[in-house]
Amino acid sequence: MEAAPKPGSGARIKAQGKKQKPPRYWEGETDGANTLPSNPFIAPSPSRGNKRKREDRSQPKPQVPKKRKQIQELKSKKNQKHLRTKQNQKNLRLKKDLRPNEKEEIRPSQTLSGAQDPFPGPAPVSENAVNKFRRGNSKFLKKHSLKLVTKYKLKAAVSEEEETSVRAARAELLLSEEPGFLEGEDGEDTATICQSDIVEAVDIASAAKHFDLNLHQFGPYRLNYSRTGRHLALGGRRGHVATFDWITKKLMCEINVMEAVRDIRFLHSETLFAVAQKRWLHVYDNQGIELHCVRRCDRVTRLEFLPFHFLLATASETGFLTYLDVSVGKIVASLTARAGRLDVMTQNPHNAVIHLGHSNGTVSLWCPAMKEPLVKILCHRGGVRAVAVDSSGTYMATSGLDHQVKIFDLRGKYQPLTSRALPQGAGHLAFSQRGLLAGGMGDVVSIWGGQGQGNFPSLDQPYLTHRLPGHVHGLQFCPFEDVLGAGHNRGFTSILVPGAGEPNFDGLESNPYRSRKQRQEWEVKALMEKIPAELIDLDPRNLGEIDVISLEQKKKEQIERLGFDPEAKAPFQPKQKKKGRSSTANLVKRKTKVKDQEHREKIRQSLQQQQKKKQEQQQNKNNKLKTSQSTGPRPSALDRFKR
Amino acid sequence: MNDQLPAKMNRMLAMQSSFLALQKGEEVVNFLNNYPVSASEDEEGSDGERKHLQLLAAINGLDGRDRQKWAERSEASQQVSEFSISTEGVEEKLTLSELLDHIKPSSSLAKVKRQLKKVKNKKSVELLLSKEDTEQIFREAAYNKTSQTMTKWDPVVLKNRRAEQLVFPLEDKQVQIAPNEEVFVGNWKARSPLEQEIFSLLHKNHQPPKDPLLTPVEKASLKAMSLEEAKQRRAELQRARALQSYYEFRARRQKKIKSKKFHQMLKKKKAKEALRQMKGTVTPHASLEELEKREVARMTERMSLSHQSKGKWAKRRAAMAKYDQKTRKEIQDQLARNKELTQKPRMPPDSEQEEDAEECQLIPQVMDEIKMSTESSNPWMQRNCDPHAEVSKGPQQPSKAVASEESETEEEKVVAELEESKALRKRVGVLLESQKQRSVFTEPRSLSEKIKKKARRDRKQSERSATTAPKEPIQGEELPQDEVEIETPGIESAQDQPFLKSLAGGQPQQSLQSPTEQSSSSKTKKEMVINPLANFTLKSQKASASSLPTLVEEEDISDEVAAQKQIIKEAFAGDDIIADFLKEKQEAKEVSKAMTLSLPGWGVWGGPGLEMRTSKKCRFLIKSPDGPPRKDKSLPDVIIHEKRNIQAAAHKVNILPFPFSHHLQFERTVQTPVGSTWNTPRAFQEMTAPRVVVKQGYIIEPIKWRI
């Protein structure tokens, strides 16, 4: 197909091109039978979004020991229904742990007192809890006959995953803290509850987290919490820069840079922070000593720090998105967005992709390895004013000049899920760790929540509202705290938002209470585990996949070099038979017979797949119909008179 | 020759008569051999010789082996001759078997045949195999045999290969623990006098090192004692041992107790005991010792910080002391103890009252200090006590100051945008104040009205702004619509109108529905038509009036200009955004271009100024083959770039490892993350455990076959 075809044969070639797919490397030799309309393999569904079906159960399903079943059956009849549901829940046990159980059945465990353990073996874990830690699987594995070694390896991988996920599910017990929440008294709108009420209700330590900093001199403030949530950096428009431990209110440094400050951001730890000043980007340490002045990043408007890559992303007035590696001090990539001034930027904490909002209503997604945006989404009719991405990287909230706030799905489709018109539109947006969305509109901060963990917040009713003394200029939720920090004209306000922060922190990863020594150790470890900038991609799981394109290229080259395919399946050679049964005609007949058989097999498989697909579609349709029928009120003849 | 033969026969018969015996076959053969048939010449000459030969033959026949006499018949006759031919056979019938009897063995050809057969069948003896070949054969045989025997290892090898971890040595040898006495006694030499003494005692009593229940001496003494005595003694011994073990156990248990308080009490108890004992027996020596002890205690106390307010514990307590009575008491106790210990021992220990007084003085001071320190270092702590007062004060106080500074900010270009939006909010706020009951969607109308008013006023004042945008709204609602229609292609304009209408005062719900209806009518361009507005057709909810931001009335000329710009920008924001986006998307799609192979002037009458026919052009147009469908095919408001990330691809695996035949299989095995970030510590340890562990200090012996 690469060679230029002869004139006039275009149509035919096109037809061929449609029919003939280039043989994939796993398809073996190219036979006539191989050109089938449907691909026999189905790629595994992306594990993140779609439902994961647990189809392959290669290992024997662990069973509840007999004793227990009997006990359950002996219970009263009232409980039977409840019991059945319990039994239906697939109880999972570790494979290893099961072995002693089997032994126990043979030889019942005897304690000194003679009493028997009513619940022998490890406690069962619910399927849902385990599913949370599974990585998905592929149906492909089951379909094809495999070599014994391969089978064994796959089996081992499956069992390992099972084991680790069960372990992880068990370990969830250790997450002892629970998130807080706010509940109105029968029908009371939580949005009407003001901060003073909350402060009165909570304990002293939490009440101390609501405070106002009255800093009216140096203009609107930008703010940034460190990754541990312990430290806060404030940058006033008129040059005021301060960092402090906001819980103990211990000041680390306070300086005036005598220049306009546009943004401020902590680097990997609280000891370093970057300030986007009028001309250049400056880096200060925790004592306020200027360490670097990065002149290659000029007229920076927004800063983002990617903690696992040690990259500081800067968006500039000149329209450049620059990635600065802070561990080596090199500029990794400098990309032109070709969309004018950049002043809306946020990062996707899931995959470290940078989201830029543009004045033409689009949001573009960037990674340092690509010169072009990975995705461009048309979000608003007006320019984009603010963008925020939630901690799981699933939802993106945008607000535009058309006064709309929208929430987009980032899992491949990039379609809006909900939207809402606000009287003035939101100038700033921020997602909390547990998925609350805060929007700053003028001097009011609204926080939306609800719909449960893992869902996007519903925009119809705010969860909380708070009026600030000045106009909002910066919003961020404090990690691991139920606190929303808002920088405004007159300083800084720390707002209590119950249920905003993740209640359990990882002591090894971001420990709010870490000592100096611990921080240093963490720094070394984090640097060693630094991820190269090239690996940033839309789907971080792509890295675990084989690069099929280069694999096929390699294979092709090898075949070209050798003149034959070394891994190809040998063509069918009919056996020699006696008494004239091995005539040429007979040989050909036998060959065609085998070939046809293979062909038939393949067709059968593809047909089965198609049927399955159809059935699924029909089922979906039926379900939809059912739901629509059941939910909607029955249409009546009088409907036509409705207005 | 035929006529000669009977003659010869005759002669021979005559000779036979003279000689007794004649052999039949041989003779004939000899005769025939010796006398070839040309008889004419040897008729007489060879007669003597023949006779001689006959004689010899007769003599040969004499040795008795061949007694049977053979007679030759020379003539056919009815009667058999009287000499040798028997007449018996004349009457008897000849049987077939008799005839056949003679045929078998006697046929001389069969013998020859047999010989020939033998020769034929006999293979030539092969040469001995070369040394290499024999060795190879031997090797093969040996290999087969050994491989046969080695198959018994297969399951073992397979098991070891599949084992997640192998620990060498494979079999754990149980380490035998020898008691210390046994090990040491062998080459133990008592060196120190104490050891010597002990050993001498042990040896004297013949105390066994292993089981020291009863020494031989004791046993002997037991034997020597009477039964009762022995019993008594034994009971005593048992009791003593039981007591000992009891005390030992108790001591061990007490030692394990971690409670500080318990140990403190224990220590105190002991000290008291000692004191009591001291009091009981007051000697100058003991009292001196006591004094010394106290002196040492004082020294150590003065050196250390243990009972002062500077330790970690004390500091932490000090922070809490403010609130808690109990901790305050604890701190007081500490300080009292310090005081007590650091006092010079010349004072009698009974004067507790004075100390108390001193303490009372001391502690409040400390507490004050603590308070001071917290307050001075932490300015927010003060504020914390009454945050509400501060908050309420905050906004009122600086309002004037900010107003004065507002003019400063205007100089900065960066601020401009912010101000714009602020001004806009003011504008809307005014309206909202007047019509609070209205829904949000009335706002756009008011907005447009505002635009009109603004524009008129502007025209009156001055036509400062050169941009076309502010002029347009002057003529009312018609113009902007026309504008749009001119600018954008048909499809887009149709969609844009509703938005503008809604902006100009229509109901948004209706207008937003209209594009979908249009799209359904024009099915050919469905893709493009329906979806660009998908983002915008979402049902939007109403805002609650409670959370509306407050707006301050501030009039500023420059502000107004900026605000106006902002309004216009907002009003016409959606105009060409969609068109531009679609254009961009189209460009992104058309990366692969078609190729024409048409040659100008080929196949037509040539000449200057000749133009190719379009049909010909189309005929030779070759479209590049369609790749896989784009990911954003059904997502018109999204552009997903399809370019491959080469830099990331360099980090990916690009070979298929051994046992796998499909990349999905391999991916399945590397799916579970191994790192400690994603796993529980236990799982992490198990997954990263080394495949082979070699225990140190063990000899690894080759594996042995055990049955």
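Labels below follow one simple rule: chain letters A, B, ... track the order of the sequence lines, proteins then strands, and each chain is numbered from 1.
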Checklist line | From CD1 (B:Ile577) to OG (A:Ser359), nearest 0.5 Å | finding: 7.5 Å
Item checked: Donor-acceptor pair between A:Glu534 and B:Asn645 side chains, under 3.5 angstrom -> no
Margin query: List the residues meeting ring-ring contact (aromatic ring centres under 6.0 Å, His included) with B:Phe581, not counting sequence neighbours, and say none if there are none.
Written below: none
Margin query: How about CG on B:Leu158, more than 12 heavy atoms from neighbouring residues, nucleotides or ligands closer than 6.0 Å, or not?
Written below: yes
Checklist line | Side chain / backbone / both / neither for B:Lys631 at chain A, heavy atoms under 4.5 Å | finding: neither
Margin query: Taking the side chain as everything from C-beta on, heavy atoms only, tell me whether B:Asn679 gets closer than 4.5 Å to A:Arg167.
Written below: no
Note to self: I want to check something: taking the side chain as every heavy atom from C-beta on, are B:Leu656 and A:Lys555 in contact at a cut-off of under 4.5 Å?
What the structure shows: no
Next item on the list: Could you look at A:Pro368 and say if it's the side chain, the backbone, both or neither that has a heavy atom under 4.5 Å from chain B?
Entry: neither
Next item on the list: Examine whether an atom of A:Leu468 lies under 4.5 Å from a heavy atom of chain B, and if so say whether it belongs to the side chain, the backbone or both; otherwise answer neither.
Entry: neither
Margin query: Given heavy-atom pairs under 4.5 angstrom as the criterion, report whether the side chain, backbone, both or neither of B:Glu584 touches chain A.
Written below: side chain
Note to self: How long is the straight-line distance from OH of B:Tyr323 back to CD1 of A:Ile204, given to the nearest 0.5 Å?
What the structure shows: 7.0 Å
Item checked: Between A:Met370, A:Lys147, A:Lys278, the one whose heavy-atom pairs under 4.5 Å with chain B are most numerous -> A:Met370
Next item on the list: Can you see which heavy atom on A:Leu378 is nearest to which on B:Ile578, and at what distance?
Entry: CD2-CG1, 4.1 Å
Margin query: Could you measure the distance from the OG1 atom of B:Thr680 to the CZ atom of A:Arg170? Nearest 0.5 Å is fine.
Written below: 10.5 Å
Next item on the list: Please report the shortest heavy-atom distance between A:Gly412 and B:Ile640, naming the atom on each side.
Entry: O-CD1, 4.2 Å
Check: Given that the side chain runs from C-beta out, which part of A:Lys413 has a heavy atom under 4.5 Å from chain B: side chain, backbone, both or neither?
Finding: both
Notebook entry, point to check: Which heavy atom of B:Pro657 sits nearest a heavy atom of A:Ile546, and at what distance?
Noted result: CD-CD1, 4.4 Å
Checklist line | Which atom of B:Thr669 lies closest to which atom of A:Leu154, heavy atoms considered | finding: CG2-CD2, 3.8 Å
Checklist line | Value rounded to 0.5 Å, distance of CG in A:Asn542 from CD in B:Glu667 | finding: 9.5 Å
Check: Is chain A contacted by the side chain of B:Val670, its backbone, both, or neither, given a heavy-atom distance below 4.5 Å?
Finding: side chain
Notebook entry, point to check: Could you state the interatomic distance from CZ (B:Arg682) to OG1 (A:Thr164), rounded to the nearest 0.5 Å?
Noted result: 14.0 Å
Note to self: Looking only at heavy atoms and a cut-off of under 4.5 Å, which of A:Ile549, A:Leu174, A:Asp506 has the most pairs with chain B?
What the structure shows: A:Ile549
Check: For A:Thr362, is it the side chain, the backbone, both, or neither that has a heavy atom closer than 4.5 Å to a heavy atom of chain B?
Finding: side chain
Check: So do A:Glu161 and B:Arg668 actually touch side chain to side chain, heavy atoms under 4.5 Å?
Finding: yes
Next item on the list: Could you check if a side-chain atom of B:Gln671 sits within less than 4.5 angstrom of a side-chain atom of A:Arg541, using non-hydrogen atoms only?
Entry: yes
Next item on the list: Evaluate the side-chain proximity of B:Arg644 to A:Asp547: yes if any heavy-atom separation is below 4.5 Å, no if none is.
Entry: yes
Margin query: Any non-hydrogen side-chain atom of A:Lys153 less than 4.5 Å from a side-chain atom of B:Phe658?
Written below: no
Note to self: Please classify the contact of A:Glu545 with chain B as side chain, backbone, both or neither, using a heavy-atom distance under 4.5 Å.
What the structure shows: both
Check: How many angstroms lie between atom CG of B:Asp632 and atom NZ of A:Lys376, to the nearest 0.5 angstrom?
Finding: 12.5 Å
Note to self: Within the structure provided, determine whether A:Arg135 and B:Pro673 are in side-chain contact (heavy-atom separation under 4.5 Å).
What the structure shows: yes
Next item on the list: Please answer whether the main-chain N or O of B:Arg162 pairs with a side-chain N or O of A:Tyr152 as donor and acceptor at a distance below 3.5 Å.
Entry: yes
Next item on the list: Would you please test A:Gln415 and B:Val638 for side-chain contact (heavy atoms from CB on, under 4.5 Å) and show each step?
Entry: CA-CA 8 Å; A:Gln415 293 301 302; B:Val638 179; 4.0 Å; yes
